[in-house]
Amino acid sequence: MEDYQLLIDLHKNANRQGPGGDAETEMALDLSMVDRSAPLKIADIGCGTGASTLLLAQLLNAQITAVDFLKEFLEVLESKAENMGLSEKIATLSCSMDNLPFGDEEFDILWSEGAIYNIGFERGVKDWKRYLKMGGLLVVSEITWITRSRPSELQKYWDNEYPEIDMASSKISLLEKNGYSPIGYFILPEDCWLANYYQPMQNSFKDFLYRNGNSEEAQAIVEAQNKEIELYEKYKSYYSYGVYVARKL
Ligand code: SAM
């Protein structure tokens, strides 16, 4: 639990808790070709402090259930929603994504940015499908190889961190195998990683260490993040998040 407290402390004041961007959230929405004035029910799974939730609430005529297992992130989301006049459109739900209390065919759209890896892409797309109406949309970002081969240092790192990392063709094929019709895919550009996520995080390290008395645990988190960032900077042409948009058949 101590570790979660530190991770919450590091991430909760950030705009995003993973790579992404408003322009890319909107690009995924454009790809999905939804009617922005139609009343929609959406779940944003692993929403963090709600970068995508808040944008979707602004752009759509939607009721959004924002799900995360960390209450502290949801509290930040709630206060942002209130400040932006969006509270009526957003309900938060503190719950694990592997045990969602939703009914069958409850949602028009399931949205999930940088979070499905927590239960694995294949399990997530399989298990969540029943919550979607027929013809409903899944919009999900997932760490993806951009090239067919890659340096062994990088392969080893990701084999250890997330062995489900794969090429877009494999992710798309998994969607097809599990009863979805893929609509589109794009990869997140570099600024979604650096300008929107890693740089603000690096700028917060000094205060984070100070707040936590420069503890060994806090130092270990900073070290692990720095390693991840270094690896990204060295090998960013080999991997990114892919954003996948698919319709339930
Ligand atoms: N979607 C947000 C964004 O793009 O800024 C957050 C992405 S962050 C990389 C992953 C999020 O998933 C975190 O907010 C974390 O608390 C949440 N999470 C991790 N495991 C989870 C689980 N089992 N159930 C629900 N949420 C989970």
Side-chain angles (χ1 to χ4, degrees), residues 1-29 42-58 64-81 90-102 107 109-128 131 138-144 158 161-162 164-165 186-189 191-201 204 221 224-225 228-229 232 239-245:
M1 206 55 210
E2 173 66 6
D3 264 0
Y4 277 133
Q5 286 316 318
L6 286 173
L7 287 172
I8 291 163
D9 185 47
L10 179 64
H11 290 288
K12 85 170 182 182
N13 294 319
N15 189 32
R16 288 186 172 267
Q17 287 70 43
D22 282 1
E24 288 70 23
T25 296
E26 193 160 0
M27 194 185 295
L29 196 59
I42 301 178
D44 187 353
I45 304 172
C47 61
T49 61
S52 54
T53 315
L54 295 162
L55 185 62
L56 293 173
Q58 283 175 303
I64 307 178
T65 305
V67 184
D68 205 282
F69 75 163
L70 295 177
K71 282 200 185 75
E72 292 84 347
F73 287 170
L74 296 176
E75 282 162 14
V76 175
L77 197 173
E78 282 162 14
S79 97
K80 287 184 179 177
I90 297 171
T92 60
L93 175 68
S94 169
C95 178
S96 182
M97 63 176 75
D98 60 4
N99 188 26
L100 295 164
F102 301 144
F107 293 96
I109 305 180
L110 296 180
W111 201 278
S112 183
E113 294 193 18
I116 198 170
Y117 71 89
N118 288 294
I119 53 167
F121 183 84
E122 183 163 19
R123 177 168 173 211
V125 303
K126 258 189 201 157
D127 288 3
W128 296 350
Y131 309 131
L138 176 73
V139 180
V140 67
S141 72
E142 163 79 342
I143 197 91
T144 298
W158 280 108
E161 289 293 316
Y162 185 56
E164 268 192 68
I165 185 172
F186 62 93
I187 58 160
L188 291 185
D191 65 331
C192 286
W193 292 77
L194 295 174
N196 296 355
Y197 180 54
Y198 284 149
Q199 281 156 11
M201 190 200 299
S204 76
I221 286 180
Q225 290 292 353
E228 187 189 305
I229 295 167
Y232 177 75
Y239 66 101
S240 185
Y241 268 91
V243 180
Y244 300 85
V245 180

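Atoms considered below: every heavy atom in the structure, side chains included; atoms not considered: hydrogens, waters and symmetry mates. In listed order, ligands and their atoms are each counted from 1.
Residue contacts with ligand 1: F73 is placed with no nitrogen or oxygen under 3.5 Å of a nitrogen or oxygen of the ligand (distance criterion only). Looking at D68 next to ligand 1, an N or O pair under 3.5 Å apart turns up. By the 3.5 Å distance cut-off applied to N or O atoms, N15 is not counted among the residues near ligand 1. Between I119 and ligand 1, a contact under 3.5 Å exists for no N or O pair. On a distance-only criterion, L70 and ligand 1 share no N/O pair closer than 3.5 Å. The shortest N or O to N or O distance between Y117 and ligand 1 is not under 3.5 Å.
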Q: Could you walk me through whether Y198 and E228 pass the side chain to side chain donor-acceptor pair (under 3.5 Å) test, one step at a time?
A: CA-CA 9 Å; Y198 284 149; E228 187 189 305; 2.5 Å; yes
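For ligand 1, the atoms closer than 4.0 angstrom to any heavy atom of C95 are 24 (N), 25 (C). Those atoms of ligand 1 with a heavy atom of Q17 less than 4.0 angstrom away are 3 (C), 5 (O), 6 (C), 8 (S), 9 (C). Interface atoms of ligand 1 facing G114, defined by a heavy-atom separation under 4.0 Å, are 7 (C), 8 (S), 9 (C), 10 (C). Listed by atom number, the atoms of ligand 1 under 4.0 Å from N118 heavy atoms are 12 (O), 18 (N), 19 (C), 20 (N). Close contacts of ligand 1 with E113, meaning ligand atoms under 4.0 Å from a residue heavy atom, involve 1 (N), 2 (C), 4 (O), 7 (C).
With sequence neighbours left out, T49 forms a side chain to side chain donor-acceptor pair (under 3.5 Å) with Q17.
Contacts of A51 with ligand 1, taken as heavy-atom pairs under 4.0 Å, are absent altogether.
Counting only N and O atoms by type, the side chains of E142 and Y162 include a donor and acceptor under 3.5 Å apart.
For the residue pair F102 and A43, the shortest heavy atom distance occurs at CE1-CB, 4.1 Å.
The heavy atom nearest to atom 25 (C) of ligand 1, out of those in Y4, W111, F69, is found in F69.
Counting heavy atoms from C-beta on, the side chains of R123 and D98 come closer than 4.5 Å.
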